[in-house]
**Q** 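Input: one structure, supplied below.
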Amino acid sequence: MSAIELDTPAVQAARQPMVTASTLPPAWYTDQDIYDEIVEDVFRHSWIPLAHVSQLAKPSTYVALDLIGEPLVVTRDRGGDIHVLSNVCRHRWATIAEGSGEAKALQCPYHLWTYGLDGRLAGAPLMTEVEFDKSTCSLPEYRHEIWNGFIFMTFDETIEPLSPQLVELESIVKNWRLSELVVSSAVSETANWSWNVMVDNWAENYHVKSVHPESLEMMTPASLTAPIENHGEPWCYARLGHTSDYQETIEAAISTLDEEQRTYSAVGTIFPFFCFFTFPDMAAWLQVKPTKNVGELNLELMLFVEPEVMSDPDIDAIVAEQMDFARGIFVEDAEMCRRAFAGLHSADAASSRLSHLELSVWQAQNWLLDMIESRRHQD
Ligand code: FES
Ligand SMILES: [Fe+2]
């Protein structure tokens, strides 16, 4: 029997138009069985963000990461091609690469089987006394797509490519040149709350006045938030108007932005969990890395600037200040996510209502329900 029931009054209430809709029931945020079904029916058939091309700027580089219990490694091979590979050795299952860096090959530390960055098994010591065909032991390679410099993968060979699903979003963000920006700094965090507590928090600006009164509220106040319709595309996006004080501090906006684009920031998500933010002079990506457990996430907060900024003589100070600012906001958000996840476990927690500033939450829950319904029609 399925843990997810779509015909209940509570789920139907989440399906109502925004002005009358409720949130999904608390169990959708906390229940391991529901989460397992979301992983199988949604995440495994979605586009999952893994890395930005600037993390693999040179040939012979890799980034390893775990997502939904799958060890993965993204590589750029000697010829410059990107691959998304299983990071599990084809011998006796040890994970191969860790972290990120430069490497001519991926060598498993257990018995030293060595793979090319395209996943082909190149060498396997002392395997000469048994019948053994190296060509049958390549690392599985997954389908990937690069959107605005972000490398997404999917476990599903049949789903629609990502870019055609993001036509409107592409037209909105294209002047930020996200593919040409570079990671200026990054910080890893672990979190003990669910993926959807995190994504809901990221994408709505309703909490900014109360949770970030000294930082974001002074820059992009809740009252100047304008969430937009997505016309059925799999994302949410809100324009965040600037206070005049903040506007005056913006010195070097991204050079390709037009006059109007220098006057707002924006927050958005490509569903299920690609969380991004744009300021006129930088961008941020909160990389959400769900594990197999509903209450456990790995996070990587990355900041992006134009490449020219990296040669500024004051770059260390600029980056330190930006990261200080971003971390401060993250700490404030983390406290609220922790509290929400605790409250969601109460026997008295119930579906609730949403402000118009939480359109993103409504769009995310309806996308999730659409995904589950369409998977069921296919099965
Ligand atoms: S498990 Fe990788 S070489 Fe044996
Ligand atoms: Fe926040």
Side-chain angles (χ1 to χ4, degrees), residues 62 64 71-73 85-98 103 105-116 119-130 132-134 136-140 187 189 191 193 195-225 227 236-238 240 246 265-269 273 275-279 283-288 297 299 301 303 323-341 355 357-361 364:
Y62 67 92
L72 301 169
V73 58
L85 305 168
S86 166
N87 191 23
V88 177
C89 185
R90 302 307 281 174
H91 179 223
R92 281 191 16 249
W93 320 295
T95 56
I96 305 166
E98 289 199 339
L106 300 174
Q107 188 173 61
C108 176
Y110 202 171
H111 312 91
L112 304 184
W113 284 24
T114 302
Y115 302 87
R120 264 184 294 201
L121 181 62
L126 304 175
M127 288 292 290
T128 48
E129 306 299 311
V130 294
F132 178 61
D133 178 0
K134 281 197 302 224
T136 64
C137 290
S138 298
L139 299 174
V187 60
E189 304 279 353
W193 49 85
W195 73 282
N196 38 4
V197 165
M198 187 76 255
V199 173
D200 285 0
N201 174 81
W202 179 268
E204 58 88 355
N205 217 42
Y206 184 31
H207 69 266
V208 160
K209 188 174 171 63
S210 37
V211 179
H212 311 296
E214 306 294 331
S215 52
L216 284 180
E217 181 64 15
M218 298 292 176
M219 303 161 65
T220 56
S223 60
L224 297 182
T225 301
C236 60
Y237 181 91
L240 311 175
Y246 172 48
S265 296
V267 65
T269 304
F273 48 71
C275 297
F276 67 97
F277 206 113
T278 58
F279 296 94
W285 171 27
L286 180 71
Q287 186 178 24
V288 177
L297 292 176
L299 303 168
L301 180 60
L303 302 181
M323 192 34 97
D324 236 34
F325 161 75
R327 276 195 86 137
I329 291 167
F330 180 80
V331 167
E332 291 164 345
D333 281 326
E335 172 64 4
M336 292 305 138
C337 290
R338 183 189 69 72
R339 293 168 77 131
F341 196 59
S355 147
L357 293 179
E358 296 168 292
L359 178 66
S360 51
V361 176

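Atoms within a ligand are numbered from 1 in the order they appear, just like the ligands themselves.
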**Q** Any atoms of ligand 1 less than 4.0 Å from a non-hydrogen atom of Leu112? List them with their elements.
**A**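 Close to Leu112: 3 (S).
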**Q** Indicate yes or no: does Arg327 engage Glu189 in a salt bridge with an N to O separation below 4.0 Å.
**A**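 Salt bridge: yes.
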**Q** Report, in ascending order of atom number, the atoms of ligand 1 lying under 4.0 Å from any heavy atom of Trp113.
**A**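 Ligand 1 atoms under the 4.0 Å threshold to Trp113: 3 (S).
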**Q** Looking only at N, O or S atoms, find the one in Asp333 nearest to the Fe ion (ligand 2) and name it.
**A**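 Nearest N/O/S atom: OD1.
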**Q** So for atom CD, which belongs to Glu98, do other residues, nucleotides or ligands contribute more than 12 heavy atoms lying within a distance under 6.0 Å?
**A**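 Counting other residues, nucleotides and ligands, CD of Glu98 stays at 12 neighbours or fewer.
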**Q** Decide, counting backbone as well as side-chain atoms, whether His91 has an N, O or S atom less than 2.8 Å from atom 4 (Fe) of ligand 1.
**A**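 Checking His91: at least one N, O or S atom is under 2.8 Å.
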**Q** Can a donor-acceptor pair be found between the side chains of Glu204 and Ser360 at a distance below 3.5 Å?
**A**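 No - no donor-acceptor pair under 3.5 Å links their side chains.
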**Q** Between Phe132 and Trp113, does the ring pair (Phe, Tyr, Trp, His ring centres under 6.0 Å) criterion hold? Intermediate values first, please.
**A** CA-CA 13 Å; Phe132 178 61; Trp113 284 24; 5.3 Å; yes
**Q** Heavy atoms only: which of His111, Arg92, Gln107, Arg90 lies closest to atom 3 (S) of ligand 1?
**A**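 Minimum heavy-atom distance to atom 3 (S) of ligand 1 goes to His111.
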**Q** For ligand 1, is any non-hydrogen atom under 4.0 Å from Ile96's backbone (N, CA, C, O), its side chain (CB onward), both, or neither?
**A**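 Neither; no heavy atom under 4.0 Å.
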**Q** Consider only side-chain N and O atoms of His212 and Glu332, and report whether a donor and an acceptor are under 3.5 Å apart.
**A**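 There is such a pair (donor and acceptor under 3.5 Å, judged by atom type) between the side chains of His212 and Glu332.
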**Q** What are the atoms of ligand 1, with element, lying closer than 4.0 Å to any heavy atom of Cys108?
**A**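 Going through ligand 1 atom by atom, the ones under 4.0 Å from Cys108 are 1 (S), 2 (Fe), 3 (S).
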**Q** What do you reckon, is CZ of Phe341 surrounded by more than 12 foreign heavy atoms closer than 6.0 Å?
**A**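 Count over threshold, so yes.
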